[in-house]
Amino acid sequence: MSREKTKNERGLIADKIDNSEDSFLDKTLRPKAWKEYIGQKHIKDNLKILLGAAEERGHIPEHILFYGPPGLGKTTLAHLIAKETGRQMKATSGPAIEKIGDLASILTNLSPGDILFIDEIHRLNKMVEEILYPAMESGVLDIIIGKGPGARTIQLDLPSFTLIAATTRVALVSSPLRSRFSGGVFRLEFYSNKEIEEIVKRSSKLLKTELEKEALEEIAKRSRFTPRTANYFLKRCRDFAQVHKKKLDKETVQSALAMLSVDEIGLNISDRKFLEVLIKKFNGGPVGLKTISAALSEEEATIEEVMEPYLIQLGLLERTARGRLASKRAYEHMGFDLPKNLQNKLL
């Protein structure tokens with residue numbers, strides 16, 4: 001009994017350590033000023049104008065929507081705006097706001113000038129979304145009380161607030177909602193390797209981790225042009241070096257990332273399996289998404305939204321009207337000979 005209790009206690013301690021680590025990274029690595037935020041220069045320049053003009057007029061900033069792939073810094077930008085403007089930020093997500101009452105509770109508890117951050121806003125319930133329109137435009141909340149002929153509408157005045165929203169799938173954000181982001185709709189782009197190197201260098205200093213230049217470049221080139229992935233790799237390489245009592249040089253990083261099954265251009269096991277199936281089973285394509293999904297036993301959405309974007313960006317995969325097609329570079333990277341009947345098509 002005591003041994004079981006000890007195991008449970010250890011589990012609780014481990015959970016606390018994990019949560020503490022995640023919280024530490026989230027707070028410590030997040031930029032605290034514009035000069036610390038690397039990349040996305042066009043967005044930063046626009047935001048500085050927007051926020052500066054609002055401050056000079058004594059107005060709250062207008063509503064803003066950020067969109068782009070996961071891990072590029074949408075949430076970080078929201079936190080940075082709150083910090084730069086000295087405003088309080090309350091954060092939630094689209095799926096968390098299930099009922100109109102949930103939204104009403106959040107909005108009525110805001111203080112004047114607060115920032116409300118809604119992540120994954122494309123997953124907001126449509127009924128809730130319609131209640132959000134007058135709140136964004138006129139600062140009022142329309143609540144219907146009762147049903148049938150006796151139903152009546154109550155209009156509540158809301159404190160002035162700024163809505164900052166983020167989404168990974170902007171096409172699923174309805175046009176009426178998108179048009180109400182009068183401050184701007186900004187797309188976050190993938191980072192260059194140089195920008196990723198700067199981010200990893202800054203993170204390593206904050207984590208008090210010594211990282212050689214070649215090791216820094218190795219992490220950057222495998223990070224899929226994404227800061228979140230780069231910071232994750234930095235953590236795992238730091239752990240590997242600590243356990244094996246090694247310095248963080250290029251060889252250590254290569255060994256650590258090999259354990260994670262990440263190759264020299266950032267492909268993981270799933271990516272390589274995708275290309276291998278496409279080349280070996282379907283002669284490089286073209287093949288439809290449903291067929292690939294069945295062959296990999298993966299959901300279509302996972303293939304389309306998680307695997308394919310990076311493969312396409314590296315030029316390893318083509319999406320054609322007839323289906324997915326492996327490129328010449330994919331054959332070379334996977335170590336397969338290019339079939340003669342495809343050489344002319346893919347060269």
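- The salt bridge (charged side-chain N to carboxylate O under 4.0 Å, His left out) analysis of residues 46-71, with sequence neighbours excluded, yields no pairs.
- At least one donor-acceptor pair closer than 3.5 Å links the side chain of Asp271 to the backbone N or O of Asn268.
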Is there a side-chain contact (heavy atoms from CB on, under 4.5 Å) between Ser204 and Glu210 once you walk through the steps?
CA-CA 7 Å; Ser204 65; Glu210 289 186 21; over 6 Å; no

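- Across Ala241 and Leu248, no two heavy atoms sit closer than the pair CB-CG, 3.9 Å.
- Between the side chain of Arg123 and the backbone N or O of Gly94 there is no donor-acceptor pair closer than 3.5 Å.
- Between Phe186 and His42, the gap from one ring centroid to the other reaches at least 6.0 Å.
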Verify side-chain contact (heavy atoms from CB on, under 4.5 Å) between Lys201 and Leu211, making sure each step is shown before the conclusion.
CA-CA 8 Å; Lys201 188 189 294 184; Leu211 195 64; over 6 Å; no

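- Closest non-hydrogen pair, Arg202 versus Glu36, comes out as NH2-OE1, 3.0 Å.
- Contact annotation: the side chain of Leu216 never approaches that of Val253 to less than 4.5 Å [non-hydrogen atoms, C-beta and beyond].
- Side-chain contact check for Glu298 versus Phe274: every heavy-atom pair is 4.5 Å or farther apart.
- In this structure, NE2 on His244 lies 10.5 Å from CG on Asp239, to the nearest 0.5 angstrom.
- Side-chain atoms of Ser223 do not come within 3.5 Å of backbone N or O of Thr229 as any donor-acceptor pair.
- The residues Lys328 and Glu332 are annotated as salt-bridged, a charged nitrogen and a carboxylate oxygen being separated by less than 4.0 angstrom.
- Rounding to the nearest 0.5 angstrom, the gap separating the CG atom in Leu177 from the OG1 atom in Thr167 is 10.0 Å.
- The backbone N or O of Glu189 lies less than 3.5 Å from a partner atom in the side chain of Gln40, making a donor-acceptor pair.
- Judged by distance alone, with hydrogens and angles left aside, the side-chain atoms of Ser327 form a donor-acceptor pair with the main-chain N or O of Gly315 at under 3.5 Å.
- Around atom NZ of Lys83, no more than 12 heavy atoms belonging to other residues, nucleotides or ligands sit under 6.0 Å away.
- With values rounded to the nearest 0.5 angstrom, Leu80 atom CG is found 8.5 Å from Leu47 atom CG.
- Here the side chains of Asn125 and Leu103 are not in contact, with every heavy-atom distance at 4.5 Å or above.
- Around atom CD of Gln313, more than 12 heavy atoms belonging to other residues, nucleotides or ligands sit under 6.0 Å away.
- Using cut-offs of 30° and 60° for the angle between ring planes, the His79 and Phe117 rings count as tilted.
- His122 and Glu120 share a donor-acceptor pair across their side chains, judged by distance under 3.5 Å alone.
- Within the 4.5 Å cutoff, the side chain of Asp119 has heavy atoms near those of the Thr75 side chain.
- Between Glu130 atom CD and Leu132 atom CG the span is 11.0 Å, to the nearest 0.5 Å.
- Environment of NZ in Lys126: crowded, with over 12 heavy atoms of neighbouring residues, nucleotides or ligands closer than 6.0 Å.
- A side-chain donor-acceptor contact under 3.5 Å links Arg329 to the backbone of Leu314.
- Atom NZ of Lys44 and atom CD1 of Ile49 lie 14.0 Å apart (nearest 0.5 Å).
- A salt bridge between Glu198 and Lys194 is absent, with no side-chain N of the basic residue lying under 4.0 Å from a carboxylate O of the acidic one.
- Results of the side-chain contact (heavy atoms from CB on, under 4.5 Å) test with Ile115 over Ile81, Leu163, Leu110 single out Ile81 as the only residue that passes.
- Among residue pairs with one or both ends in residues 211-239, those qualifying as ring-ring contact (aromatic ring centres under 6.0 Å, His included) are Phe225-Tyr310; sequence neighbours excluded.
- Put simply, the side chain of Leu296 reaches to within 4.5 Å of the side chain of Lys273, judged on heavy atoms.
- Glu137 contributes no side-chain N or O that, together with a main-chain N or O of Pro134, makes up a donor-acceptor pair within less than 3.5 Å.
- The stretch residues 101-114 participates, sequence neighbours left out, in no side chain to side chain donor-acceptor pair (under 3.5 Å) pair at all.
- Residues satisfying the salt bridge (charged side-chain N to carboxylate O under 4.0 Å, His left out) criterion with Glu276, sequence neighbours excluded, are Lys280.
- Around the NZ atom of Lys221, the shell of radius 6.0 Å holds more than 12 heavy atoms that belong to other residues, nucleotides or ligands.
- Between Glu212 and Lys250 no salt bridge is recorded (no basic side-chain N to carboxylate O distance below 4.0 Å).
- For the pair Arg180 and Tyr133, the cation-pi criterion (under 6.0 Å, within 45° of the ring axis) is fulfilled.
- Arg87 CZ: more than 12 foreign heavy atoms inside a 6.0 Å radius.
- Within the 4.5 Å cutoff, the side chain of Arg169 has no heavy atoms near those of the Tyr67 side chain.
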Let me check something: any side-chain donor-acceptor pairs from residues 257-267 under 3.5 Å, sequence neighbours excluded? List them with distances.
unit_1 : atom_1 : unit_2 : atom_2 : d
Asp263 : OD1    : Ile265 : N      : 3.1
Asp263 : OD1    : Gly266 : N      : 3.1
Asp263 : OD1    : Leu267 : N      : 2.9
Asp263 : OD2    : His333 : NE2    : 2.8

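- Checking Ser293 against Glu299 by side-chain atom types alone, no donor-acceptor pair falls below 3.5 Å.
- For the salt bridge (charged side-chain N to carboxylate O under 4.0 Å, His left out) test, residues two or more places apart in sequence or in another chain that qualify with Lys41 are Asp45.
- Residues Ala135 and Phe161 come closest through the heavy atom pair O-CE2, 3.6 Å.
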Would Leu278 and Ile292 count as a side-chain contact (heavy atoms from CB on, under 4.5 Å) here? Give the steps.
CA-CA 7 Å; Leu278 182 59; Ile292 285 279; 4.0 Å; yes

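- Of the possible polar contacts, one joining the Tyr191 side chain to the Leu72 backbone as a donor-acceptor pair under 3.5 Å is found.
- Taking the side chain as every heavy atom from C-beta outward, Val128 and Lys99 never approach each other to under 4.5 Å.
- Lys74 places a side-chain N or O within 3.5 Å of a backbone atom of Gly68 that can act as its donor or acceptor partner.
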Walk me through it: do Leu289 and Arg324 pass the test side-chain contact (heavy atoms from CB on, under 4.5 Å)?
CA-CA 7 Å; Leu289 178 60; Arg324 276 60 178 168; 4.0 Å; yes

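- The CG atom of Leu311 sits 8.5 Å away from the CE atom of Met307 when rounded to the nearest 0.5 Å.
- A donor-acceptor pair under 3.5 Å links the side-chain atoms of Thr209 to the main chain of Leu207, judged by distance alone.
- The two residues Ala165 and Ile121 have their closest heavy-atom pair at CB-CD1, 3.6 Å.
- A salt bridge does not link Lys246 with Glu251: every distance from a Lys NZ or Arg NE/NH1/NH2 to an Asp or Glu carboxylate oxygen is 4.0 Å or more.
- Of all the heavy atoms in Pro309 and Ile303, the pair that sits closest is CD-O, 4.5 Å.
- Smallest separation of non-hydrogen atoms from Val200 and Ala230: CG2-CB, 3.7 Å.
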